[in-house]
Amino acid sequence: MPASKTEPKMKKVYYSIKEVAEMFSVNESLLRYWEKAFPHIRPHVGSNNVRQYTEKDIEKVATVYNLVKVRGFKLDAARKMFNENREGVDKTAVLLDTLISVRDELLNLRQQLDRLS
């Protein structure tokens, strides 16, 4: 089963902005923009201006990704949801990932059945 958008593929202490952008199939500039729009996303920035994301930072990015890209909220509405109901939003993201995985498995089974017909 492929890794979901909310879970990093490998465990590291820090991830680069490029790695995080690839996890979510977004541009690095979008991540920088989300940092400004969502004050909760604050990766460590070293003396050489390189952003270093922890897993907690990535969880916050996943929440914003779910609200904006998956559920289609405008930034103001996503910010409000993020601030007021973070736990509910996180649970919804996990449920959505599970449903997407189930759908993908069902589509795979259907393709296999179609080949047998």
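Numbers here are sequence positions counted from 1.
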Colleague: Any salt bridge (charged side-chain N to carboxylate O under 4.0 Å, His left out) pairs touching residues 25-41, not counting sequence neighbours?
Modeller: Glu28-Arg32, Glu35-Arg51
Colleague: Determine whether more than 12 heavy atoms belonging to other residues, nucleotides or ligands lie under 6.0 Å from atom CZ of Arg115.
Modeller: yes
Colleague: Look at the aromatic rings of Tyr65 and Trp34 and report parallel, tilted or perpendicular, splitting at 30° and 60°.
Modeller: perpendicular
Colleague: About how many Å separate OH of Tyr53 and CZ of Arg42, when rounded to the nearest 0.5 Å?
Modeller: 9.5 Å
Colleague: In Å, rounded to the nearest 0.5 Å, how long is the span from NZ of Lys60 to OG1 of Thr54?
Modeller: 7.0 Å
Colleague: Return the minimal non-hydrogen interatomic distance between Ala21 and Asn27, and the atom names on each side.
Modeller: CB-C, 4.1 Å
Colleague: Is Val20 reachable from Val45 through a run of hydrophobic residues whose side-chain heavy atoms are each under 4.5 Å from the next?
Modeller: no
Colleague: Can you name the residues that form a side-chain hydrogen bond (donor to acceptor under 3.5 Å, both in side chains) with Asn49, not counting sequence neighbours?
Modeller: none
Colleague: I need the minimum non-hydrogen distance between Ala78 and Val68, along with the two atoms involved.
Modeller: CB-CG2, 3.8 Å
Colleague: Would you say Phe73 ends up clustered with Tyr33 if hydrophobic residues are merged whenever their side chains have heavy atoms under 4.5 Å apart, either directly or through other cluster members?
Modeller: yes
Colleague: Are Val50 and Met23 co-members of a hydrophobic cluster defined by side-chain heavy atoms under 4.5 Å apart?
Modeller: no
Colleague: Would you call Val61 and Phe38 a side-chain contact if the rule is heavy atoms closer than 4.5 Å?
Modeller: no
Colleague: Do Tyr14 and Ile17 share a hydrophobic cluster (ILVMFWY, side-chain heavy atoms under 4.5 Å, transitive)?
Modeller: no
Colleague: Are Asn66 and Thr63 close enough that a side-chain donor and a side-chain acceptor fall under 3.5 Å?
Modeller: no
Colleague: CZ/Arg79 to NE2/His40 distance, rounded to the nearest 0.5 angstrom?
Modeller: 11.0 Å
Colleague: List in chain and number order the residues that pass salt bridge (charged side-chain N to carboxylate O under 4.0 Å, His left out) with Asp114, two or more places apart in sequence or in another chain; answer none if no residue qualifies.
Modeller: none
Colleague: Distance check, rounded to the nearest 0.5 Å: Leu107 atom CG versus Gln111 atom CD?
Modeller: 6.5 Å
Colleague: Could you tell me which non-hydrogen atom of Glu19 sits nearest to which non-hydrogen atom of Tyr15, and how far apart they are?
Modeller: OE1-CA, 3.2 Å
Colleague: Tell me if a side-chain donor or acceptor on Asn108 pairs with a main-chain N or O of Glu105 at a distance below 3.5 Å.
Modeller: no
